[in-house]
Amino acid sequence: MSILNDICENLQKGKAKVVKELVQQAIDEGIDAKEILDQGLLAGMDIVGEKFKNNEVFVPEVLVAARAMNMGASLLKPLLSESGVESVGKVCIGTVKGDLHDIGKNLVKMMMEGKGIEVVDLGTDVDPETYVKTAMEQNCQIICCSALLTTTMPVMGEVVKEAEKAGIRDKVKIMVGGAPVTEAFCEQIGADKYTSDAASAADAAVAFCKGIA
Ligand code: B1M
């Protein structure tokens with residue numbers, strides 16, 4: 001359907017206003033909300049995510065595409081909940097205590113939302129207790145920790161320990177990432193998954209939420 005292609009194309013170009021108009025037009029034409037989401041918005045965001053992973057587009061392009069997606073998705077949200085389409089899952093995300101870098105964390109959040117995951121954003125400077133308390137109170141399947149400083153990375157280990165202490169370690173996955181974080185570090189602290197970029201983080205989160213990882 002060409003209007004869905006138009007949504008997909010314009011989203012990639014970050015044309016938020018046009019995307020919003022096209023989504024409204026698609027709704028008015030009676031196209032199913034889930035179809036608009038999957039074949040229009042998410043299809044576009046998937047392409048942007050792949051290009052970002054391959055260094056074909058960069059942070060500014062991702063941010064404007066994500067903004068376009070959010071504007072389009074805001075029109076679909078009430079329709080999707082009405083028709084009973086469930087979200088893929090729920091996660092909480094934050095940059096760890098002592099760390100104020102949030103650009104990467106925000107990208108991970110956007111990519112996850114683009115994949116249909118509900119994201120509770122705890123912001124920056126998040127202490128281990130807050131991650132765990134939020135995961136328990138809001139039934140999150142995954143705790144996502146971002147860190148950009150070598151001095152704040154160890155807080156991720158404290159999050160793992162806090163989850164163990166609270167008795168939720170077997171119920172909640174813990175994902176870690178950020179420039180200084182590595183696969184080896186992830187293993188060392190006993191977290192479940194390290195990913196190097198936002199698109200891979202979103203893919204891994206979907207796999208965890210669907211129980212296929
Ligand atoms: Co800061 N800073 N900074 N800084 N800063 C770095 C990180 C640094 C490498 C610069 C340098 O020295 N070369 C260095 C860290 C050195 C180290 O620890 N090894 C550094 C430092 C030292 C500092 C201060 C201590 C400086 C000072 O005050 N003396 C200070 C610390 C403040 C604090 O946090 N307490 C500080 C402050 C700042 C600003 C506030 C000015 C600003 C942050 C603004 C903001 O975030 N709102 C800032 C910035 C912008 C940077 C650089 C330039 C860029 C970081 C960034 O946003 N990259 C950075 C140097 C650099 O990286 N070139 C630097 C873009 C972003 C998209 O990438 O966050 O890596 P990134 O996210 C990626 C992946 O890592 C991954 O996905 C993202 C997209 O693919 N990812 C995940 C991220 N989180 C993930 C989670 C996942 C999975 C993947 O799963 C849960």
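Each ligand, and each atom within it, is numbered from 1 in the order the structure gives. Along the sequence shown, residues carry numbers from 1. A quick note: this is a predicted structure, and the numbers were derived from the prediction, not measured.
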Part of Val176 with heavy atoms under 4.0 Å of ligand 1, whether side chain, backbone, both or neither: backbone

Nearest protein heavy atom with distance in Å, relative to atom 65 (C) of ligand 1: Ile103 CG2, 4.4 Å

Under-4.0 Å heavy-atom contact with ligand 1, by part of Val108 that carries it: side chain

Test item: Glu61 side-chain N/O and Phe58 main-chain N/O as donor-acceptor pair under 3.5 Å: yes

Test item: Thr152 side-chain N/O and Ala147 main-chain N/O as donor-acceptor pair under 3.5 Å: no

Contact bool for atom 6 (C) of ligand 1 (protein heavy atom, d < 4.0 Å): yes

Within reach of ligand 1, part of Tyr194 (heavy-atom separation under 4.0 Å): neither

Interatomic distance, Ser146 atom OG to Ile93 atom CD1 [nearest 0.5 angstrom]: 6.5 Å

For atom 35 (N) of ligand 1, the protein heavy atom that lies nearest, with its residue and separation: Gly98 O, 3.0 Å

Within-4.5 Å side-chain heavy-atom neighbours: Asp121 and Asn106: yes

Sub-4.0 Å atoms of ligand 1 with respect to non-hydrogen atoms of Met175: 91 (C)

Asp125 side chain to Gly98 backbone, donor-acceptor under 3.5 Å: yes

Protein contact to atom 67 (C) of ligand 1 [nearest heavy atom, distance to 0.1 Å]: Leu107 CD1, 3.6 Å

Which residue and heavy atom of the protein sit nearest atom 33 (C) of ligand 1, plus the separation: Leu100 N, 3.5 Å

Main-chain N/O of Glu56 paired with Asn54 side-chain donor or acceptor, under 3.5 Å: no

Per atom 74 (C) of ligand 1, closest listed option by heavy atom (Ser196, Gly177, Ala201): Ser196

Protein residue, atom and distance nearest to atom 84 (N) of ligand 1, heavy-atom basis: Ser146 OG, 2.8 Å

Nearest protein heavy atom under 4.0 Å from atom 37 (C) of ligand 1, yes or no: yes

Ligand 1 atoms in contact with Asp99 (distance to a heavy atom under 4.0 Å): 34 (O)

Protein N, O or S within less than 2.8 Å of atom 1 (Co) of ligand 1, waters excluded: His101 NE2

Proximal ligand 1 atoms for Asp102, defined as those under 4.0 Å from one of its heavy atoms: 45 (C), 46 (O), 47 (N)

Intermediate values then yes/no, salt bridge (charged side-chain N to carboxylate O under 4.0 Å, His left out), Lys165 and Glu162: CA-CA 5 Å; Lys165 203 171 99 189; Glu162 187 65 28; 3.6 Å; yes

Side chains of Met175 and Met112 in contact at under 4.5 Å (non-hydrogen atoms): yes

Numbered atoms and elements of ligand 1 in range of Thr195, under 4.0 angstrom, heavy atoms: 88 (C), 89 (C)

Region of Ala199 that comes within reach of ligand 1 [heavy atoms, distance under 4.0 Å]: neither

Under 3.5 Å donor-acceptor, Tyr194 side chain and Phe185 backbone: no

Non-hydrogen protein atom less than 4.0 angstrom from atom 56 (C) of ligand 1: no

Joint hydrophobic cluster, Val19 plus Leu37, side-chain heavy atoms closer than 4.5 Å: yes

Heavy-atom side-chain proximity of Ile47 to Lys51 below 4.5 angstrom: yes

Pairs where residues 183-196 contributes a residue and the test salt bridge (Lys or Arg N to Asp or Glu O under 4.0 Å) is met, not counting sequence neighbours: Arg169-Asp192

Test item: protein heavy atom less than 4.0 Å from atom 91 (C) of ligand 1: yes

Lys90 atom NZ: more than 12 heavy-atom contacts under 6.0 Å: yes

Flag, side chain of Asp127 to backbone of Thr130, donor-acceptor distance under 3.5 Å: yes

Numbering as shown, the atoms of ligand 1 that approach Gly178 to under 4.0 Å (heavy-atom distance): 75 (O), 81 (N), 82 (C), 83 (C), 84 (N), 85 (C)

Sub-4.0 Å protein heavy atom near atom 24 (C) of ligand 1: no

Hydrophobic cluster identity match, Ile36 and Leu79, side-chain contacts under 4.5 Å: yes

Connected via hydrophobic side-chain network under 4.5 Å: Val23 and Leu4: yes

Side-chain donor-acceptor contact under 3.5 Å, Gln25 with Glu29: yes

Closest protein heavy atom to atom 17 (C) of ligand 1, given as residue, atom name and distance to 0.1 Å: Thr150 OG1, 3.7 Å

Single-linkage hydrophobic cluster, 4.5 Å side-chain cutoff, Leu100 and Leu149 together: no

Lys/Arg N to Asp/Glu carboxylate O, Glu158 vs Lys161, below 4.0 Å: no

Per-atom contact, atom 20 (C) of ligand 1, protein heavy atoms, under 4.0 angstrom: yes

Distance flag for atom 53 (C) of ligand 1, protein heavy atom under 4.0 Å: no

Flag: protein heavy atom within less than 4.0 Å of atom 10 (C) of ligand 1: no

Region of Cys145 that comes within reach of ligand 1 [heavy atoms, distance under 4.0 Å]: backbone

Which residue and heavy atom of the protein sit nearest atom 73 (C) of ligand 1, plus the separation: Gly104 CA, 4.3 Å

Ligand 1 contact on Ala179 by region, counting heavy-atom pairs under 4.0 Å: both

Transitive ILVMFWY side-chain link Ile7 to Met69, under 4.5 Å: yes

Distance from atom 77 (O) of ligand 1 to nearest protein heavy atom, with residue and atom: Ala198 N, 3.4 Å

